[in-house]
Amino acid sequence: MDYSGEGEVLGMSKIPSAEEQLDFLTKVQRLFNESDFSSTYKYALLISLADLAIELGKDDDSELELTNRQIAERFIELYWQQSSPYKTSKANDSGVLYQNHGTQAAIIKAIQAFRDENSFNSPNAAKHSKEYKKLVTAVASTVAKQPINYLQNVGGGALPFLYERNTSSITLKIGVAYCLRRFQPLVQQLARSRWTDYIKKNAKNMPILGEKDDLSSFLFETSRKTLVQICKSLKEVYGNKCFYCHKATSKLEVDHFIPFSLYPRDLMHNFVLACPNCNRSKSDTLAAKEYLDMWIKLIRQHSNEMIRIGERVGVPADLETSLAIAKWGYGMATDTRVTFWMRS
Ligand SMILES: [Zn+2]
């Protein structure tokens, strides 16, 4: 498998010029600074577009069509955990964080109602049910009417640089998918930190937030409890040994093969077991390409098991998506000459 930007070298595909990329970043910055964020939906939309561009986009400046339903599914994934109480709260407060300044956000309410009526533990476990498809329809309609409609309104005017709106989809404009892929860590980090601040600054959330300081992990990360389950299941599939040094040990930890700091969305195939030494040493870096080859072989071989574990613990699992993310991550690292991690 080739992870280098071969197309560019051969001149087969066109990519946005340095100037166009800078223009994109300037507009993203304006969007964050001058847009009216009356709820957290716009952050969710930016995160969804960046993720989908990585999974479905190409390394050239081509347009990319995304259906409202594809975007809605990402919203459900993002808001799922956030629709449950932040902690056991006192008195008559429900403990579910407010995602806007009026009454609770419609998407949170729809997900809550769905969870009350159905016993699924995650969107991943629910995805084949008829009820879930109805939820997607409802969320897609809200997403189309609200964030898709308003995201490109900046500072009182229109700045339609990201997409064109169609009846039931949007089309990312020429160069946009490329830029979202290229700058995804930046867009993700900005959207997540602004989202966390938004929740913190909302006065209605103050009684719920209290003294605890793990808001960002609650909003965006897989819970510790789920990670413990994942670790146990991975041991059953991969055995009690470190993926990187092969050492047999009972003290294995769950590692994101493609670092979470680079692609902050959990996918079952991306988890491997690492001994504490390798895990600490690898940290937020990408592993050398020999590990990449090993990992691709491993997840191809155990894909069905990963899908089964994912359905049980509620983490999305998809082989092709995981491979697309690896291709993107390694391609970008090669372009920017990142040093890969090797066990010393
Ligand atoms: Zn190790």
Side-chain angles (χ1 to χ4, degrees), residues 1-4 51 54-55 124 184-185 188-189 214 216-217 220-344:
M1 210 173 280
D2 181 20
Y3 288 94
S4 64
D51 280 351
I54 284 169
E55 290 157 32
N124 191 48
Q184 107 93 28
Q188 281 271 1
Q189 274 168 26
D214 60 350
S216 179
S217 2
F220 302 116
E221 290 169 25
T222 299
S223 73
R224 190 147 292 279
K225 198 177 121 210
T226 306
L227 284 177
V228 170
Q229 286 179 293
I230 290 172
C231 189
K232 200 168 154 255
S233 308
L234 287 183
K235 284 179 187 167
E236 286 162 17
V237 177
Y238 295 149
N240 283 309
K241 61 175 197 293
C242 172
F243 171 76
Y244 301 98
C245 70
H246 311 295
K247 200 170 76 187
T249 166
S250 57
K251 289 189 188 131
L252 290 165
E253 298 166 355
V254 175
D255 172 59
H256 292 88
F257 183 72
I258 303 294
F260 193 76
S261 57
L262 191 64
Y263 180 77
R265 172 173 176 245
D266 279 329
L267 288 172
M268 201 50 224
H269 291 73
N270 193 33
F271 289 124
V272 293
L273 292 169
C275 71
N277 276 342
C278 289
N279 199 11
R280 210 173 313 120
S281 153
K282 177 175 173 275
S283 184
D284 282 345
T285 55
L286 276 172
K289 292 197 183 174
E290 61 189 80
Y291 297 113
L292 172 65
D293 295 335
M294 266 167 53
W295 174 76
I296 290 174
K297 215 172 128 192
L298 187 78
I299 63 169
R300 282 194 190 284
Q301 193 183 340
H302 294 286
S303 185
N304 290 337
E305 285 140 297
M306 292 304 115
I307 291 167
R308 271 198 297 276
I309 299 170
E311 275 179 16
R312 203 171 62 231
V313 301
V315 172
D318 181 72
L319 178 65
E320 292 314 317
T321 304
S322 305
L323 293 172
I325 288 154
K327 186 174 178 204
W328 160 80
Y330 277 83
M332 207 169 67
T334 307
D335 286 351
T336 51
R337 298 179 214 288
V338 161
T339 315
F340 295 102
W341 176 81
M342 280 277 288
R343 191 170 57 85
S344 48

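We count ligands from 1, going down the list as the structure has it; atoms in each ligand are counted the same way. Note that the structure is predicted; figures quoted are calculated from it, not measured.
Panel detail: the Zn ion (ligand 1) has protein N, O or S atoms under 2.8 Å away, 4 in number.
Applying the salt bridge (Lys or Arg N to Asp or Glu O under 4.0 Å) test to E305 and every residue at least two apart in sequence or in another chain returns nothing. Evaluation of the side chain to side chain contact (heavy atoms under 4.5 Å, CB included) rule for N279 yields E253, D255, A274 as partners, not counting sequence neighbours. Remark: D318 engages no residue in a salt bridge (Lys or Arg N to Asp or Glu O under 4.0 Å) (not counting sequence neighbours).
When the shell of 6.0 Å around NZ of K251 is examined, it contains 12 or fewer heavy atoms from other residues, nucleotides or ligands.
Judged by distance alone, with hydrogens and angles left aside, the side-chain atoms of S303 form no donor-acceptor pair with the main-chain N or O of R300 at under 3.5 Å.
Relative ring orientation between Y330 and F257 is described as parallel, the plane-to-plane angle staying below 30° on a 0-90° scale split at 30° and 60°.
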